[in-house]
Amino acid sequence: MPVDRPLVVGNIEFRSRLIVGTGKYKSFEETKKAIEASGADCVTVAVRRVNILDRAQENLLDYLDPKIYKILPNTAGCYTADEAVRTARLARAAGISDMVKLEVIGDPKTLFPDNEGLLEATRVLVKEGFTVLPYTNDDPIMARKLQDAGAAVVMPLAAPIGSGLGIRNPYNIRIILETISVPIIVDAGVGIASDAAIAMELGCDGVLMNTAIAGAENPIQMAEAMNYAVRAGRLAYLAGRIPKKLYAQASSPVEGMIE
């Protein structure tokens, strides 16, 4: 059996290589069941969209056992570096975490990241002691700049957020894997289990997803499928695939053929 190493982000070790979001579910109860089926031990929550600051109201965090799950606040909905930094500080001040999934969105239609603002916010938050997980495009140069700025991981998109288009540019993902040394977690665009498996087979360290599970007809079944896909993809990567060939190669030996 191949020997694997755990996924480590900053000084935090994860049991699972699948990180799941918490938006778009019908209820907190459904969210909880889907997370359990996914096998994930890290869940991301939008500080702006989820009631995680007012403890007097029903709260998503009431459904997540802190002994089991690491909470990863994110800055979804932020369009400037200042907004993202402020949101991260708010999450930390509320005692949620000093780990942050950093999003600085550049365009409301595509939800592509504003990499200039992302880099600026990364530098500020790293200096303040945050463990920063920036969501970026699949640009190897930007991935290197984020690493140099102190990002704990780099999270390139597979395709636009919520699109379900899967891995659109595996070649850029491969170049990023060869370019930087911090973990690579594919974020956004996964639609089905095979997309997650492909990301892992490429050698990525993890996958983050939300809509692919929450938007499925049966979110709990899809969460279980994603759990298997990430584990299978990682195992296949460690096992090493056969080289691709243009022509056929017989599986059975040709010696001893009956003449």
Original post:
Does I175 belong to the same Ile/Leu/Val/Met/Phe/Trp/Tyr cluster as L177, with side-chain heavy atoms less than 4.5 Å apart forming each link?
Top reply: no

Original post:
Above 12 or not: heavy atoms from other molecules or residues under 6.0 Å from NZ of K245?
Top reply: yes

Subject >> Side chain proximity check, D4 to R17, heavy atoms < 4.5 angstrom >> reply: yes

Original post:
With D148, which residues qualify under side chain to side chain contact (heavy atoms under 4.5 Å, CB included), at least two apart?
Top reply: R144

Original post:
Honestly curious: do M209 and V43 fall in one hydrophobic cluster under the side-chain, below-4.5 Å linking rule?
Top reply: yes

**OP:** Test I71 against L64 for side-chain contact (heavy atoms from CB on, under 4.5 Å), laying out the working first.
**Re:** CA-CA 9 Å; I71 305 301; L64 302 174; 3.7 Å; yes

**OP:** Without swapping roles, check the side chain of E103 against the backbone of P113 for a donor-acceptor pair under 3.5 Å.
**Re:** no

Original post:
Got a donor-acceptor contact below 3.5 angstrom from the D114 side chain to the I105 backbone?
Top reply: no

Subject >> Heavy-atom pair with the smallest gap, counting every atom of L102 and L118 >> reply: O-CD1, 3.5 Å

Original post:
Between atom CZ of R174 and atom CD1 of I167, what is the distance when rounded to the nearest 0.5 Å?
Top reply: 13.0 Å

Original post:
Is there a donor-acceptor pair closer than 3.5 Å between any side-chain N or O of E201 and the backbone N or O of A236?
Top reply: no

**OP:** Would you indicate whether the side-chain heavy atoms of Y135 and I185 approach each other to under 4.5 Å?
**Re:** no

Original post:
Do you know the tightest heavy-atom contact between L119 and L146?
Top reply: CD1-CD2, 3.9 Å

Original post:
Would a 4.5 Å heavy-atom cut-off, applied to side chains only, mark T131 and V100 as touching?
Top reply: no

Subject >> With sequence neighbours excluded, residues passing salt bridge (charged side-chain N to carboxylate O under 4.0 Å, His left out) with E83 >> reply: R48

Subject >> P134 to T122 - nearest heavy-atom pair and separation >> reply: CB-OG1, 4.1 Å

Original post:
How about P170 and L202: do any of their side-chain heavy atoms sit closer than 4.5 Å?
Top reply: yes

**OP:** Please test M99 against F130 for side-chain contact (heavy atoms from CB on, under 4.5 Å), starting from the C-alpha separation and ending with a verdict.
**Re:** CA-CA 6 Å; M99 183 170 61; F130 281 87; over 6 Å; no

Original post:
What closest approach, in Å, do Q147 and S181 show between heavy atoms, and which atom pair accounts for it?
Top reply: OE1-N, 2.7 Å

Subject >> Closest approach of I161 to A188 (non-hydrogen atoms, all atoms of both residues) >> reply: CG1-CB, 3.7 Å

**OP:** Determine whether I35 and I19 fall in the same hydrophobic cluster, where Ile, Leu, Val, Met, Phe, Trp and Tyr are linked whenever their side-chain heavy atoms lie under 4.5 Å apart.
**Re:** no

Subject >> Test side-chain hydrogen bond (donor to acceptor under 3.5 Å, both in side chains) applied to T110 - qualifying residues, sequence neighbours left out >> reply: D107

Original post:
Taking everything shown except E30 itself, do over 12 heavy atoms lie less than 6.0 Å from its CD?
Top reply: yes

**OP:** Quick one: closest heavy-atom pair of A196 and V230, and the distance?
**Re:** CB-CG2, 4.1 Å

Original post:
Taking only residues two or more places apart in sequence, or in another chain, which ones meet N115 in a side-chain hydrogen bond (donor to acceptor under 3.5 Å, both in side chains)?
Top reply: T136, N137

Subject >> Residue E128 excluded, over 12 heavy atoms near CD under 6.0 Å >> reply: yes

**OP:** Any chance you could measure R234, atom CZ, to S16, atom OG, to the nearest 0.5 Å?
**Re:** 11.5 Å

Original post:
Taking atom CE of M226 and atom CG of D195, what is their separation to the nearest 0.5 Å?
Top reply: 7.0 Å

Subject >> Whether over 12 other heavy atoms sit under 6.0 Å from R15 CZ >> reply: yes

Subject >> V207-I184 co-clustered via ILVMFWY side chain contacts under 4.5 Å >> reply: no

**OP:** Would you give the length of the straight line joining atom CD1 of I213 to atom OG1 of T22, rounded to the nearest 0.5 angstrom?
**Re:** 11.5 Å

Original post:
Quick one: CD1 on I12 to NZ on K70, what's the gap to the nearest 0.5 Å?
Top reply: 7.5 Å

Original post:
Pairs in or reaching into residues 61-117: which pass ring pair (Phe, Tyr, Trp, His ring centres under 6.0 Å), with residues at least two apart or in two chains?
Top reply: F28-Y63

Original post:
Mind checking whether V153 and L125 sit in one hydrophobic cluster, side chains of I, L, V, M, F, W, Y counted as touching below 4.5 Å?
Top reply: no

**OP:** Report yes if some heavy atom in the side chain of C204 is under 4.5 Å from a heavy atom in the side chain of I173; otherwise report no.
**Re:** yes

Original post:
In Å, rounded to the nearest 0.5 Å, how long is the span from CG of L90 to OG1 of T75?
Top reply: 12.0 Å

Subject >> Contacts of K67 that satisfy salt bridge (charged side-chain N to carboxylate O under 4.0 Å, His left out) - sequence neighbours left out >> reply: none

**OP:** Would you sort out whether S38 and L18 count as a side-chain contact (heavy atoms from CB on, under 4.5 Å), showing the intermediate values?
**Re:** CA-CA 8 Å; S38 76; L18 175 59; 3.9 Å; yes

Original post:
Is atom NZ of K145 surrounded by more than 12 heavy atoms (other residues, nucleotides or ligands) closer than 6.0 Å?
Top reply: no

Subject >> Verdict with reasoning, Y25 to N210, per side-chain contact (heavy atoms from CB on, under 4.5 Å) >> reply: CA-CA 9 Å; Y25 289 95; N210 187 158; 4.3 Å; yes

**OP:** Could you please spell out the steps behind the salt bridge (charged side-chain N to carboxylate O under 4.0 Å, His left out) verdict for R168 and D138?
**Re:** CA-CA 10 Å; R168 294 293 83 196; D138 59 3; over 6 Å; no

Original post:
Side chains of P160 and L111: does their closest heavy-atom pair fall under 4.5 Å?
Top reply: no

